[in-house]
2 protein chains.
Amino acid sequence: MAKPRFPAPDHDHQACLSASLERAESAYVEAGGRLTELRASVLRELAASHQALGAYDVIQRLSAAGRRVAPISVYRALDSLLEVGLVHRIESRNAFIACHEAHDESRPILFLVCDACGTVAESGEEGLNEALGNAARNAKFTLDDTVLEMTGLCEHCAGREGTRGH
Amino acid sequence: MAKPRFPAPDHDHQACLSASLERAESAYVEAGGRLTELRASVLRELAASHQALGAYDVIQRLSAAGRRVAPISVYRALDSLLEVGLVHRIESRNAFIACHEAHDESRPILFLVCDACGTVAESGEEGLNEALGNAARNAKFTLDDTVLEMTGLCEHCAGREGTRGH
DNA sequence: GCTAGAAATGTGATATTATAACCTTTCATA
DNA sequence: TATGAAAGGTTATAATATCACATTTCTAGC
């Protein structure tokens, strides 16, 4: 993950989706839980796009797909997927995205969120980790978790502002 | 703001509070709005500590101080204070803090949030800006806003975990 | 002073996000 | 094939945030 990249609007998304779901099974084996039908369904809805979805968006989509699920169930599934690292939470949106790549666990992830199309890219930018470490050290802060999010326009939307959704 | 610092539990908080409120009047003159009684009240509650408070915490405190205010009014006051830069929003907590120092507008602020006592420190760490700029450039991302938050334990709580509130 | 328009706030209702409490089902394993 | 732990269902509710519209307050210009 040297460079963060926004997927082109016309990329082969089926491949992304498959990759995400394939990783899921093994991630659960490694982490010690089970990729249940519910969790897989929730992940599928998230992985179906590169956009951040709210928990209630997921509920609506599952419902549209013929499956009624209570909020608490979706939140539980999301919690589990977050723990296993298959999903990320975008704090500034109260929303979730499927993780589309493996991460170096020791590094925080920077999310780039497009305000126009809602697409989220992940970055493992090098210098970032060091700068954050310095800040923590200077403040004598015992670091637990890090939230790094940027909002703006992705390369595909920058030229044609006002557009919604690729 | 070279080094972020967590205020000592026994620091002269009256001074912090006064400083914050003094800045407020001039900040509004500069920005072109008015520091109304409501906005000052909200700011006062936030500036009364270095902890992040939820909007409803503010409502409760104002109520305890004898002033009943509707949620929408507090949110409007908070929006105004945020615009003027007197208050910051901590996304990972859905909470707000009074800004206790002037910032270089061109740089994002890193917040260090103590999980034990809730105190928030602000940092303008140097390298950070560059790393974020690189990430944006690499992704061809047109940057608008940045959310940088770290959670963990402040120096005062690290030694005595489990403690709540200085 | 008086008044028109803009800015701020009040009022009441409601939308959105998230969790609590308790019960039932599913599944791996002994 | 019983058993206990993990997962999920059901119902209710908490916590966070906003909408729509009426009223008040402030400022500027007369």
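Predicted model only: the values in this text are computed from it and were never measured. Sequence lines set the chain letters: A, B, ... in the order given, protein chains first and strands last, and positions in each chain run from 1.
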Is there a donor in the side chain of [X] and an acceptor in the side chain of [Y], or the other way round, less than 3.5 Å apart?
X: A/Glu22; Y: A/Ser26; answer: no
X: B/Asn94; Y: B/Arg89; answer: yes
X: A/Ser80; Y: A/Arg39; answer: yes

Close side-chain approach of A/Cys16 and A/His11, heavy atoms under 4.5 Å | yes

Can you check whether A/Glu45 reaches A/Gln60 side chain to side chain, under 4.5 Å on heavy atoms?
->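 Not in contact.
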
Calculate, to the nearest 0.5 Å, the distance between atoms OG1 and CD belonging to B/Thr119 and B/Gln51 respectively.
->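 Going from OG1 on B/Thr119 over to CD on B/Gln51, the span is 4.5 Å.
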
Span of DNA chain D, from the first to the last nucleotide whose atoms fall under 4.0 Å of chain B heavy atoms = D/dT16 to D/dC26

Where A/Ala70 and A/Ile59 come nearest, the two heavy atoms and their spacing |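 It is C-CD1, 4.4 Å.
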
Please test A/Arg137 against A/Glu130 for salt bridge (Lys or Arg N to Asp or Glu O under 4.0 Å), starting from the C-alpha separation and ending with a verdict.
-> CA-CA 10 Å; A/Arg137 204 160 23 255; A/Glu130 196 192 330; over 6 Å; no

Centres of the B/His88 and B/His103 rings: under 6.0 Å?
->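 Yes, close enough.
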
The contact string for nucleotides 9-19 of chain C, one letter per nucleotide 5' to 3', using protein heavy atoms under 4.0 Å with B, S and - for base, sugar-phosphate only and none, comes out as BBBB----BBB

Where along nucleotides 24-30 of chain C does protein come under 4.0 Å, by heavy atom, of base (B) or sugar-phosphate alone (S), with - for untouched nucleotides?
-> ---S---

Please work out whether the ring planes of B/Phe96 and B/Tyr75 are parallel, tilted or perpendicular, with thresholds of 30° and 60°.
->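 Rings of B/Phe96 and B/Tyr75: perpendicular, as their planes differ by over 60°.
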
